[in-house]
Amino acid sequence: MARGYKTGGRQKGTPNKNNPTKGALLNHSTQYLTPRPQVDEEGKPKIIQRIKWENSEAGPVRTVVEIPAVDADGNPLIMSDFEFDMKFLSPADRVSAELKIMEFHTPRMKSQDINMEINMGPRTIEDTLKTLCGDESEGEDGSEEEDKDEEDEEE
């Protein structure tokens, strides 16, 4: 058992071991979440593909709609790869993904059960005031206090 000083383990100030896997994951995440122009290898704006369902006489028909990732001036959008990938998801899948990500940043609430019972029994206001003042020497008939007054006179 420690008695106010370190008795074992690492010395104070010793850095953590270098972990190449952790460094690679951190680097990848940083690049994935950093905003940059969304262009392909040829320098053209990337394309967002959306699936659209249309009803026809033969039944539902699936079509793919291609939307270029450009702003109003025709320049490539500047956003992170994460944001770009989120654009491919349907609104329901996007909300589901956001909720799963929020679990890592928001603490879970625990339910608390509090018992607030007060067992004081029947008491009068005078009894409560005496308890609060710390004066519990007086009995119901006042005899104890009279005895103390007589002792004080004798001294």
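Side-chain atoms of Ser96 do not come within 3.5 Å of backbone N or O of Ala92 as any donor-acceptor pair.
Atom CG of Leu99 sits in a crowded spot, with more than 12 heavy atoms from other residues, nucleotides or ligands closer than 6.0 Å. Within a 6.0 Å sphere centred on NZ of Lys87, heavy atoms belonging to other residues, nucleotides or ligands number 12 at most.
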> Going through the distances and angles, do Thr124 and Lys130 end up as a side-chain contact (heavy atoms from CB on, under 4.5 Å)?
Replying inline: CA-CA 10 Å; Thr124 63; Lys130 287 177 187 174; over 6 Å; no

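A heavy-atom distance below 4.5 Å is not found between the side chains of Val95 and Glu98. For the pair Gln38 and Arg36, the minimum side-chain heavy-atom distance is below 4.5 Å.
Note: Phe88 and Phe84 have perpendicular aromatic rings, judged against thresholds of 30 and 60 degrees for the angle between ring planes.
Annotation: the span from Thr34 atom OG1 to Gln31 atom CD amounts to 7.5 Å, rounded to 0.5 Å. Atom-to-atom distance recorded for Lys22:NZ and Lys17:NZ is 11.5 Å, nearest 0.5 angstrom.
For Leu89 against Arg94, the heavy-atom pair with the smallest separation is O-NH2, 2.8 Å. Ser80 approaches Tyr32 most closely through the heavy-atom pair CB-O, 3.5 Å. In terms of heavy-atom proximity, Leu26 sits nearest to Thr30 at O-OG1, 2.8 Å.
Cluster annotation: Met86 and Ile48 are assigned to distinct hydrophobic clusters (Ile/Leu/Val/Met/Phe/Trp/Tyr, side-chain heavy-atom contacts under 4.5 Å, transitive).
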Please set out all donor-acceptor pairs under 3.5 angstrom arising from side-chain atoms of residues 63-73, sequence neighbours excluded.
unit_1: Thr63; atom_1: OG1; unit_2: Lys52; atom_2: O; d: 3.2
unit_1: Asp71; atom_1: OD1; unit_2: Asp73; atom_2: N; d: 3.2
unit_1: Asp71; atom_1: OD1; unit_2: Gly74; atom_2: N; d: 3.1
unit_1: Asp71; atom_1: OD1; unit_2: Asn75; atom_2: N; d: 2.8

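Results of the side chain to side chain contact (heavy atoms under 4.5 Å, CB included) test with Pro35 over Ile78, Asp81, Leu77 single out Ile78 as the only residue that passes.
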